[in-house]
Amino acid sequence: MKREILLSHDLICACSAPAGHGSRQIIRITGENALDKVTSFLKFKTIFPQDSKGLVVATILLDEFRSVDMDCYFWKSPGSYTGQDVVELHVISNSWVVDFVFSRLFEQGFRPANPGEFTLRAFLNGKVDIAQVDAIHQVIEASTPDSLNKALGKLAGGVFDPLHKVKDDLLNLLADVEANLDFSTEDIQIISSDAILQKVGDMLAQIILLVKKLQSRGVGDAKVRVILIGPPNAGKSSLFNILVKGQKSLVSPVPGTTRDLVTYNINWEDSFFELIDAPGIEEGRNIIEKEAQDLANKEIGLSDIVVYCADKDHQQFLGFFSKVDEKFLLRVATKSDVCQGPDDWIHTSSHTLQGIEFLKKNIIELVYQKNGSSSSSGLAKMHGYATLTLDNLRRAHHCVLFEEPLELLALELREAVENLGQITGHVFTDDLLDRMFSRFCVGK
Ligand SMILES: Nc1nc2c(ncn2[C@@H]2O[C@H](COP(=O)(O)OP(=O)(O)OP(=O)(O)O)[C@@H](O)[C@H]2O)c(=O)[nH]1
Ligand SMILES: [Mg+2]
């Protein structure tokens, strides 16, 4: 059964120490204005400091004659673990007293917290990132001094800091590359190609590690494959280039220009997919063309969404797709600036850009359908952005190695900063979080 986690600011409470015969129980509380709610049923024996955090001694009346003292630690929003008011009531570990405190809390609108819900709130309020959440779990679970030390080290930045460091390094490198660009006419070099190569290589290694780490946690490459296919010269590569916003695939008036598959990872509206430009379909005339055809056929079988492009004889190769699910087949009549296509097809022109946005919308809708939701899950998103960052860094590496224009390098680095920023500073909210946080105990 799916456990429900409320992502709102409602009031939650839980025992933070295991129940038993210890001398003290800790009741942990958080939520919007949680402190006000708690103070409404406690009497304070010491003065409430005006600080954002502190300790006061409080008393709760059990009945007309009896009362119990407790220590009340508080952290006001936003300077707390969860980002909301947090209060810890340290009370004698007597089940009747503890139940009594809970009953007063429930009267005030508190509800019992789900496992990991405190940490979930910390995460959602930007207090910890996914890497830290994992480290917190390991700290809680650590059973030996060694594993505890390791987990604490990780929490202190073993995983999270390197990513921030990569982002910092990226920004510094970008600044140097842009300075090189600014001074290029004066022949002044702020950073050498060797140094750039070294730095990009180091960053690549870090991001590869992150991707591997995610994969080892079962966050696979769930991206949807979208293939552009159709007769030769139909304008597939031109369309591909428009969709990936760049000249990535070779375009020419000669049929049979594309011989290999050209792929590009894309993120549109938080949906990740791989766009593939394939060679044109025709009977193989020589061995190389035959191989290209075989490759394309294999790729069609492996693809989730087929975008069939034709500029004339529109129905000619449609029978080719006996194995394609009609639901995931988009028919595109290309070159609409000069060609007439069937009315019920999507009409596009890579020259006038007519129909491009409409095609994108249709692709996104099918990607959503394939994924079964309107956006990727939190960890899949992290994986998606890590993959995009990796692509940027690989292309940056290629730019330096093959002495491509500095502007191209700067472009890739800029995109890498943006994509990485989605991991280090982004809030992920979906039900995969639920799975992740349910590994925690209640009260953590
Ligand atoms: N008028 C017009 N010409 C286009 C359009 N799209 C592509 N072309 C031209 O059509 C020719 C073939 O374009 P490509 O994008 O290489 O076609 P392709 O389907 O990838 O071709 P192959 O890789 O050989 O199968 C080129 O000369 C393009 O300039 C368009 O929307 N309008
Ligand atoms: Mg092509």
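Read the numbers this way: they start at 1 and go in the same order the structure lists the ligands and their atoms. All figures in this text were calculated on a predicted structure; none of them were measured in a lab.
Considering backbone and side-chain N/O atoms, S336 never comes within less than 3.5 Å of an N/O atom of ligand 1. Remark: ligand 1 and V338 share no N or O pair separated by less than 3.5 Å (distance only, no angle test). Looking at K236 next to ligand 1, an N or O pair under 3.5 Å apart turns up.
Within the listing of ligand 1, atoms 1 (N), 2 (C), 30 (C), 31 (O), 32 (N) sit less than 4.0 angstrom from a heavy atom of D337. Counting the atoms of ligand 1 from 1 in the order shown, those under 4.0 Å from a heavy atom of S252 are 11 (C), 12 (C), 13 (O), 16 (O), 26 (C), 27 (O). Annotation for ligand 1: atoms under 4.0 Å from non-hydrogen atoms of N233 are 11 (C), 12 (C), 17 (O), 18 (P), 19 (O), 21 (O), 22 (P), 24 (O), 25 (O). In the vicinity of P255, heavy-atom distances shorter than 4.0 Å reach the ligand 1 atoms 24 (O). Using a 4.0 Å cut-off to heavy atoms of G280, the atoms of ligand 1 that qualify are 25 (O).
In summary, N233 places no N/O/S atom under 2.8 Å from the Mg ion (ligand 2), failing the contact criterion.
Protein heavy atom nearest atom 5 (C) of ligand 1, with residue, atom name and distance: K335 CG, 3.5 Å.
The residue from N265, T387, N419 that alone fulfils the side chain to side chain donor-acceptor pair (under 3.5 Å) condition with N392 is N419. Between Y308 and the options I300, I229, L330, a side chain to side chain contact (heavy atoms under 4.5 Å, CB included) holds for only I229.
Between the OG1 atom of T258 and the OG atom of S237, the angle centred on the Mg ion (ligand 2) amounts to 90° when rounded to 10°.
With hydrogens and angles left out, the side-chain atoms of N233 and D311 include no donor and acceptor closer than 3.5 Å.
Taking 4.5 Å as the limit, some side-chain heavy atom of L420 sits within range of a side-chain heavy atom of I207.
Checked against the 6.0 Å centroid threshold, F110 and F102 do not count as a close aromatic pair.
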